[in-house]
Amino acid sequence: MDSQKVVRKWQKRWKDAKLFEPEQNKQEKYLITVPYPYISGSLHIGHARVVTEADVFARFQRMSGKNVLFPMAFHISGTPVLGISLGIEKKDPKMLALYTEYVKAYINDGKEVEKIVQSFKDPQKIVDFFIPKMVDEFSLLGLSVDWRRSFTSGEGMHQKMVEWLFKKYKENGYLMQGKYPVLFSLTLNNAVGEDDIKDGDLDPVEKQDFVLLKFAFEDGFVVAGTLRPETMFGQTNLWVNPQATYVKAKVDGETWYVSKDCVTKLQYQEHKVIVEKELSGSYFLNKKAIAPFIARDVVILEASFVKPNICTGFVTSVPSDAPFDYIALQQLKSQIKPISIIQTKGFGDFPAMELCKKMKITSLSQETELKEATQELYKAGFHTGILKDNCGRFSGMTVSEARKSMRDEALKDGFGVQFYETSRSAVSRDGGDVIVAMLDQQWFIDFTAKGWKENAKKCLDGMTIQPDVYRKMFEDTFAWLERRPCARRRGLGTKLPFDTNWVIESLSDSTVYMSLYPIAHLLREHKIKDNQMSEEFFDFVFNGHGALKDVAKSTGVNEQALKELRQSFDYWYPIDHRHTFPAHLPNHLSFMIFAHVAAFDKKYWPKKVSFHGMVLSEGVKMSKSKGNTVTLLELDREYGADVFRAFLCSTTSVESTMNWDKGTVSHVQKHLESLFELASELVKSKKKGESPAWALSQFERLKKKASECIARMDLRGYSMVVLYDIPALVKKAQKLLSEQQMQAFANLVSDWIVLLSPLVPHLAEELNELDRGKGFVSIATWPKVDEKRIDPIEEFKVEAFEQLVSDIKTVITLAKVTPKEISVLVSSQWKYQLFLMLRDLLKETRDMKVIISAIMKTDLKKSGEDVMKLVQSVLKDPQKLPEVVLDQKTELDTIDGMKERLEQAFSSKIVVLAAEKSSDKKANVALPGKPAIVVK
RNA sequence: GCGGACGUACCGAAGUGGUUAAACGGGCAAGCUUCAGGAGCUUGUUGCUUAGUGCAUGCGCAGGUUCGAAUCCUGCCGUCCGCACCA
């Protein structure tokens, strides 16, 4: 079977038949969504997981009689696309290579490739190039997506809808403005994100919150920064780098001494700085300054580890708790002794000294070890440290309390100033320095606004969360959500409608975009212009607010169109189901809930979220550098959609990790091929007739299991049944049934094909074409389970036969004989009576006394001793009691009926007897359902 | 540190108080089949033991609740994730 050909054949037919383009009707609807993907190049199997799982489930819902809408759109907001453009423009070799490779996957002509890559200097060109490719690639998976309703977050309808949302936020008092520190590129003169910073993804840059402390020095202050104000009672000296350049400057009217590099940073953090003169670091050597908190003279010593481009270029020294300071003093052979200030669990008076000794650090050149030691002490101190008696009014506080109190006091009393610094030195993609800048008037979403969290909680309480363990995480997230910056100075997206200098940040603009799915194609059809999609417009379409006539008048949209839009929205909304990744929980999904409760009437709040697991390739995370990325193009070429779908769903439960491993994938591929052959064989051989009850019963049972599993989105359980259990049953039937019976049994293949359809739709369509010759199995009705067909007794008889065969084999092996005659001795009559009684009794009690006394009241008493033994052993090991207890006659007849097949199987004479009629001592070991076996 | 999840065979994994734990998939081994390869089929894959279809052990470790625990509770060990403004 040529998978590519089959995939394309059916996808074309589905498309031509508009099979997955639903409109509102009288049926119950089901709107299932997945996160819209961000464009970033070729799609790979990581992207494929969420859509495939959603698709399998969507197909099942559709076949179960619901009107299912599975739509998809594309996200282009934010800075990553800009980062790509910038990288290409600045000829970043990595970026060029990456995108050349992406484009090459679609375009053969080398010159054309280069031309396209160069065009990516314009971000819109990236969007225009990749989106059609993404649609094609997703389609290759066989998704039942209605592509008519797709849009990007850059389109007018999306932007207008986001504007509407933000106006709602504003009206509700959910927005506020304030100061906010951001990473900032001096050359780009703009805020930057992870994507704009060189190696920002590998080694993320954070903003660290320092306190600058002022040390009275000459006519002003030497200023040193610290992350650990709680250690200030342990200060012994200051450090300066004599090789670096410093300045004397007026900062907000005071005279400060700081490194030259610090000046710009101070300016970007809202300080007024006028440089008076430059000074060498050596100017400060061995001079004294007065340390804050301890109000004592400390000497300024030289230290090469002090970097002028970090903070102010001065560092205050706390040798008791800072490994760098301790080692630096050691190397200087200084007389200065550390002052013990913090009691840290697991350490004595001088943790820095202890740790350095333990880690064998003796020199400042061991920078890596020193950093590690600093980290460890920082952590240990923060979690377990308590300030000692020599720390003034802060004595007895924990480190975390003291850090806050001392910081607050320093800021309040004016000898400290807040200052942000990057966690490492960083440059933007164009090579310019990245610093921390303070933005004024930053816009925030204020989740703490009155009533908002309560409503969000109400929405959550009404939602299904699958699996439910994630509910608590939602609750925790809601609890700690406070204020979130929601707009930036740059990036693609929607401008804040009431402050157009700002672009709405990309997570905040993608919270309610699903609301466009019911109407996107209609907006296009009716040629509704951007400027017509006003606040009144969305109020009407989304919430039914306002009068049709008024809205038509104010927007210029005709009443019929408005009515249609409104009806379509009201039909499809709310979202019935969103399938997504747990990483979205603390941000996107929580924001989605908050945004819905902020802007939509209660009946449109989302109803269900389900979560899926991670994706690995060959046991590790997929990444370009590891070379284990599998793109959807490769997938299509080598395996085809059905193999992926079957592999994903059968090897991985929805919530666990999928590991793409080629060995297993090709097994699945082969399995599908043989499954196809098996099913085709059934289609060809089926004839009217009667197949035995046990086989029908087992098939019905599997059908039931598959239906139950897929209904609760247990895709793995469902896949196992349709891919493995059913073929195993077919093979068993082929072995045990006569030709005529098998031909009759083969009729079940039609149901099987339907059951396969959500999972492997292309293969199922092929089979269906063979079987019925027309129509689409993709929209067939899910088969009903006929409980009446499930017959445990008939099934038990077959199992008993198989068990008997296996037992006889064991006995033969143990007896080491080639049997001429095999006797099957069916248990004595009284044991059936006992087992039946025991089965009922065991349902009520496990108490031996009660059971025995009940049994001894009956005529079983005459077998007294044997009964006791048997009851004891059954109670000890209740599995001895078979699921179904027949009577002696039925068992005899059943086995007698198998005689011929047994004789064939063992090429031996078979004698079937009741235990009572046998003189063999083995007859006693026979139990109901477990006859004794004697080989001769 | 806080919060959450997990720990079952050689591997992935099913089973969440009661019908033989390990279904199912894979690996490995033996046998059959095939000119060969690929593959397919059968059997086996905790230990002990046996003239008889057996017994014992067993779900990270140690306890507890229960007639009965992989499953519930407690403690310990180990692994993973989140703790934000980043899509």
Side-chain angles (χ1 to χ4, degrees), chain A residues 35 37-38 40 75 77-81 180-183 193-195 200-201 204 206-207 379-380 382-384 400 442 444-445 467 469-470 472-473 475-477 479-486 488 491 505-508 510 582-588 590-591 614 619 647 650-653 655-659 661 663-664 667-668 670-671 673-674 714 716-717 719-721 723-725 728 731 803-804 806-817 839 842-843 845-851 875-884 921-922 925-927 930-935:
Chain A
Y38 191 90
S40 58
H75 198 203
S77 310
T79 53
V81 173
Y180 190 71
V182 294
L183 293 173
E194 190 178 289
D195 313 288
D201 47 340
E206 284 159 46
K207 288 164 286 186
K379 243 182 163 172
F382 183 76
H383 295 305
T384 67
S400 54
Q442 166 73 48
F444 294 88
I445 294 176
V469 289
Y470 287 106
K472 190 173 161 23
M473 284 197 203
E475 286 167 2
D476 292 348
T477 302
W480 56 250
L481 275 174
E482 279 181 20
R483 276 174 281 279
R484 177 190 168 83
C486 61
R488 318 180 64 173
E505 176 270 332
S506 59
L507 272 179
S508 304
S510 56
H584 287 143
L585 192 153
N587 41 61
H588 165 73
S590 295
F591 303 158
M614 307 200 304
F647 173 83
S650 69
T651 62
T652 314
S653 59
E655 64 275 8
S656 64
T657 305
M658 174 186 109
N659 180 17
D661 116 71
T664 312
H667 280 288
V668 171
K670 276 171 206 143
H671 183 76
E673 281 164 16
S674 60
D714 172 6
R716 189 167 202 260
S719 304
M720 284 307 199
V721 174
L723 292 181
Y724 296 100
D725 294 347
K731 284 181 186 166
Q803 185 63 50
L804 188 56
S806 144
D807 286 349
I808 294 174
K809 274 186 194 162
T810 313
V811 173
I812 292 172
T813 316
L814 285 168
K816 299 186 183 84
V817 295
R839 209 160 54 122
L842 279 176
K843 277 180 201 146
T845 178
R846 299 274 163 153
D847 189 333
M848 171 95 76
K849 273 186 210 153
V850 178
I851 291 173
L875 273 183
K876 198 173 152 212
D877 191 10
Q879 316 91 358
K880 287 208 168 103
L881 207 57
E883 192 180 354
V884 178
K921 61 180 175 186
K922 279 286 145 199
V925 301
L927 294 176
K930 194 98 181 158
I933 297 157
V934 181
V935 296

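Here is how names work: the chains are called A, B, and so on, in the same order as the sequence lines, proteins then strands, and each is numbered from 1. We use all heavy atoms of the structure for the numbers below, so side chains are in, but hydrogens, waters and symmetry mates are not.
- Within 4.0 Å (heavy atoms only), A/Met473 reaches sugar-phosphate atoms of the nucleic acid but no base atom.
- Side chain of A/His671 to backbone of A/Leu723: a donor-acceptor contact under 3.5 angstrom is found.
- Nucleic acid contact for A/Pro467: none, since no nucleic acid atom lies under 4.0 Å from a heavy atom of the residue.
- Here the separation of B/G68 from B/A23, taken at their C1' atoms, is 23 Å to the nearest Å.
- Within the 4.0 angstrom heavy-atom criterion, no nucleotide atom of any strand lies near A/Pro586.
- Rounded to an integer number of Å, the gap from OH of A/Tyr470 to P of B/G4 is 14 Å.
- Base pairing in RNA chain B yields stems of at least 3 consecutive Watson-Crick or G-U pairs, both distances under 3.5 Å, namely B:1-7 with B:77-83, B:10-12 with B:24-26, B:27-32 with B:40-45, B:46-48 with B:54-56, B:60-64 with B:72-76.
- Within the 4.5 Å cutoff, no side-chain heavy atoms of A/His667 are placed close to those of A/Phe647.
- Across all strands shown, A/Asn587 has heavy atoms under 4.0 Å from base atoms, whether or not it also approaches the sugar-phosphate.
- Going from the C1' atom of B/G64 to that of B/U71 covers 15 Å, rounded to whole Å.
- For the pair A/Lys472 and A/Lys670, nearest-nucleotide mapping onto RNA chain B gives the more 5' position to A/Lys472.
- Taking the side chain as every heavy atom from C-beta outward, A/Thr657 and A/Thr652 never approach each other to under 4.5 Å.
- Under 4.0 angstrom from either OP1 or OP2 of B/A87 there lies at least one side-chain N or O belonging to A/Ser506.
- The closest donor-acceptor contact from the side chain of A/Tyr724 to the backbone of A/Ser650 lies at 3.5 Å or more, if one exists at all.
- Distance check on atom C1': B/U34 versus B/C48 gives 40 Å, rounded to whole Å.
- OP1 and OP2 of B/A13 both lie 4.0 Å or more from every side-chain N or O belonging to A/Thr651.
- Between A/Arg488 and B/A87 there is a side-chain N or O to OP1 or OP2 distance below 4.0 Å.
- Between A/Pro582 and A/Tyr470, some side-chain heavy-atom pair lies under the 4.5 Å cut-off.
- Of the possible donor and acceptor atoms, one in the side chain of A/Lys207 sits under 3.5 Å from a partner among the backbone N and O of A/Pro181.
- With distances taken from any side-chain atom of A/Arg484 to the nucleotides B/U53, B/C85, B/C41, the minimum falls on B/C85.
- Across all strands shown, A/Ser653 has heavy atoms under 4.0 Å from sugar-phosphate atoms exclusively, and none from any base.
- A gap of 30 Å separates the C1' atoms of B/G27 and B/C77, to the nearest Å.
- When rounded to the nearest whole Å, the span between OH of A/Tyr724 and P of B/A23 equals 15 Å.
- Among the atoms of the strands shown, base atoms are found under 4.0 Å from some heavy atom of A/Tyr180.
- Counting only distance, with no hydrogens or angles, the side chain of A/His588 and the backbone of A/Leu507 share no donor-acceptor pair below 3.5 Å.
- Within the nucleic acid shown, A/Glu505 comes within 4.0 Å of sugar-phosphate atoms alone, with no base atom in reach, counting heavy atoms only.
- Of all nucleotides listed (B/G12, B/C85, B/A87), B/G12 comes nearest to the side chain of A/Arg716.
- Between the P atoms of B/G25 and B/U42, the separation comes to 11 Å (whole Å).
- Contacts of A/His671 with the nucleic acid, taken as non-hydrogen atoms under 4.0 Å apart, are absent.
- Mapping A/Asp476 and A/Phe591 onto RNA chain B via the closest heavy atom, the residue that lands nearer the 5' end is A/Asp476.
- The separation of B/G4 from B/A13, taken at their C1' atoms, amounts to 23 Å, rounded to a whole angstrom.
- Rounded to a whole angstrom, the distance from the C1' atom of B/U16 to that of B/A69 is 10 Å.
- Here A/Ala728 lies out of heavy-atom contact (under 4.0 Å) with every strand.
- Dashed line: the shortest gap from a side-chain N or O of A/His667 to OP1 or OP2 of B/G27 is under 4.0 Å.
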